[in-house]
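As structure tokens, the structure follows; a few thoughts come after it.
The first residue of the sequence shown is numbered 1, and numbering continues consecutively from there. Note: hydrogens, waters and symmetry copies are ignored here, and every other heavy atom, side chains too, is used.
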Amino acid sequence: MDTATRLAWSWHKQGLDGSLAGSDAATVLGTAGWARSVGGDNPYLTLFARAGIRREEADAAVAALKIHELPTARGCTYVLGAEDFAWALTLGRGAVETTLKVLDKLGVKSAEIQSLETQTLRLLHDSAANGAGALDPRQLKDQLGDAVRSLGEEGKKKGASTTLPTVLGLLQADGRIRRVPINGRLDQQRYAYTAWELPAAEESPEQARAKLMENYLGWTGGATLKQSQWFTGFTVAQTKAAIAAVNGVEVQPEKIESVETSAADAPGVWMLPADMETSADFKAPQEEQIQLLAGSDSLFLLRRNAADHFADADRGRQLLSSTLSLQADLPDHPIVDRGRIIGLWQYDPGRERIAHWLFNATTDAVQQRILEVEAFIREDLGDFRSFSLDSPSSRQKRIDALNNAAEGSQPCES
């Protein structure tokens with residue numbers, strides 16, 4: 001594949017070409033990939049960009065447990081569909097168990113943890129039965145009393161001030177409790193906890209890893225071994241075994257074009273057999289397909305390859321003295337056309353508009369999509385935050401930089 005076709009192929013696999021229009025939230029996340037949350041608005045824009053799903057519909061899907069935010073690959077939290085809840089949770093348990101080792105070094109033995117688990121679960125079941133609903137961490141700590149042990153200054157240094165967070169993590173990893181957003185929205189990190197009785201996963205650890213690899217290669221349309229290992233958090237051996245389990249096919253370097261390296265130096269890309277066949281006849285769309293995405297959108301985050309999505313002529317562009325294509329993660333949100341980043345944006349809530357910088361002349365399609373996303377953010381979200389601590393004041397410098405950069409852009413084509 002040449003570069004344009006390769007980017008358009010990823011674009012297509014991500015459902016950004018209109019192929020997911022009208023789908024429900026769980027279908028979008030199952031087809032295009034789990035949405036990274038971190039208290040930001042990426043999950044909402046993920047669903048809106050691919051299927052036109054508004055915030056109210058997304059929140060209703062959360063309330064109905066059709067989608068949910070859970071810790072999974074690498075211990076990171078993602079919003080995913082109900083079909084994936086059980087087996088995906090098993091992938092994140094290793095991260096929680098790591099904290100048990102920290103507690104053990106702090107003198108907390110397994111019997112104490114098990115006792116706190118039992119008491120916490122009983123308290124949440126009683127709360128639900130009494131109609132009190134979910135309990136936030138402070139309420140849990142107050143009601144559990146001395147069962148929650150403070151770990152002092154040494155614990156704080158190791159990221160474990162009390163024993164409660166570890167127990168909550170263990171219970172959540174087992175599907176016995178779940179976190180509930182305080183206000184029902186995905187773009188914040190204030191939670192309460194409620195009892196849950198999620199059936200245990202039927203998959204063995206090996207089968208769960210293979211299932212994630214099958215999904216991952218399907219979401220991306222193909223990825224290198226290193227990219228696969230980064231997203232999954234698997235060891236090299238586990239990654240290779242998972243790829244083999246799904247009959248992954250390696251596309252040799254001489255058959256692909258890389259924007260970063262010569263063909264001789266480029267790593268092989270692993271693809272699912274079905275995608276290997278389909279991609280052979282794939283043609284990049286001729287017409288514009290414009291989307292405004294979050295910097296943490298799956299198109300970039302799954303392979304952490306935002307640099308590959310810049311045209312050669314744009315790879316040296318700078319904003320606030322930083323070369324855009326040299327940053328592992330985008331500091332601003334991208335405006336994208338068939339997989340190619342053609343500009344950057346931030347939402348300016350003070351002016352209720354999208355501040356944007358287009359690398360080249362704009363078009364009617366670009367302007368129309370900016371207005372559509374601008375209206376979506378204004379009406380549904382109120383602001384567009386990258387993560388929980390993002391705020392208008394913290395991003396003002398970037399908003400100003402985008403506005404200043406845009407002043408030197410070419411005029412609109414008629």
Check your understanding: Is the count of non-hydrogen atoms from other residues, nucleotides or ligands lying under 6.0 Å from Glu83 atom CD greater than 12?
Key -> no

Looking at [Y], is its backbone amide N or carbonyl O close enough to the side chain of [X] to form a donor-acceptor pair, meaning the two atoms are under 3.5 Å apart?
X      : Y      : value
Gln207 : Ser204 : yes
Thr98  : Gly94  : yes
Tyr216 : Leu302 : yes
Thr232 : Ser228 : yes
Asn404 : Asp400 : yes
Gln229 : Phe234 : yes
His125 : Leu123 : no
Gln227 : Thr224 : yes
Glu250 : Trp270 : no
Ser127 : Gly133 : yes

Minimum heavy-atom separation for [X] to [Y], with atom names?
X      : Y      : result
Ala32  : Leu20  : CB-CD1, 4.3 Å
Gln172 : Leu89  : O-CD1, 3.4 Å
His356 : Ala406 : O-CB, 3.3 Å
Ile290 : Arg369 : O-CG, 3.5 Å
His333 : Leu293 : CB-O, 3.2 Å
Val96  : Thr166 : CG1-O, 4.1 Å

Can you confirm whether the side chains of [X] and [Y] place a donor and an acceptor under 3.5 Å from each other?
X      : Y      : value
Gln143 : Gln139 : no
Ser298 : Arg36  : no
Trp34  : Asp84  : yes
Gln289 : Asp17  : no
Trp219 : Gln14  : no
Ser391 : Ser394 : yes

Exercise for review: Kindly indicate whether a cation-pi arrangement holds for Arg338 with Trp9, taking the cut-offs as under 6.0 Å to the six-membered ring centre and within 45° of the axis.
Suggested key: no

Check your understanding: Is the NZ or CZ atom of Arg315 positioned over Phe310's six-membered ring, under 6.0 angstrom from the centre and within 45° of the axis?
Key -> no

Look up atom [atom1] in [X] and atom [atom2] in [Y], then write down how far apart they are to the nearest 0.5 Å.
X      : Y      : atom1 : atom2 : result
Leu164 : Arg138 : CG    : CZ    : 12.0 Å
Met271 : Leu217 : CE    : CG    : 9.0 Å
Leu168 : Thr120 : CG    : OG1   : 6.0 Å
Phe85  : Leu80  : CZ    : CG    : 6.0 Å
Thr90  : Asp174 : OG1   : CG    : 10.5 Å
Arg185 : Asp380 : CZ    : CG    : 8.5 Å

Point to revise | Residue that, paired with Ile354, satisfies side chain to side chain contact (heavy atoms under 4.5 Å, CB included) out of Leu292, Asp348, Leu402 | key: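 It is Leu292, the one option of Leu292, Asp348, Leu402 that forms the side chain to side chain contact (heavy atoms under 4.5 Å, CB included) with Ile354.
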
Exercise for review: Begin with the C-alpha distance, continue with both residues' side-chain angles, and end with the deciding distance and a verdict on side chain to side chain contact (heavy atoms under 4.5 Å, CB included) for Tyr347 and Val373.
Suggested key: CA-CA 10 Å; Tyr347 187 72; Val373 175; over 6 Å; no

Point to revise | Trace of the side chain to side chain donor-acceptor pair (under 3.5 Å) decision for Asp275 with Ser279 | key: CA-CA 6 Å; Asp275 283 341; Ser279 65; over 6 Å; no

**Study point:** Option passing salt bridge (charged side-chain N to carboxylate O under 4.0 Å, His left out) with Asp390 (candidates Arg395, Arg385, Arg398)
**Key:** Arg395

Exercise for review: May I have the step-by-step check of side chain to side chain contact (heavy atoms under 4.5 Å, CB included) for Trp87 and Thr72, ending in yes or no?
Suggested key: CA-CA 9 Å; Trp87 68 268; Thr72 176; over 6 Å; no

Revision key, fill the gap. Test side-chain hydrogen bond (donor to acceptor under 3.5 Å, both in side chains), reference Ser37, set Thr46, Asp187, Thr77, output is Thr77

Review point. Could Arg55 and Asp59 be called an ion pair, given the rule that one side-chain N must be under 4.0 Å from one carboxylate O?
Key: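 Result for this pair is yes, salt bridge flagged.
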
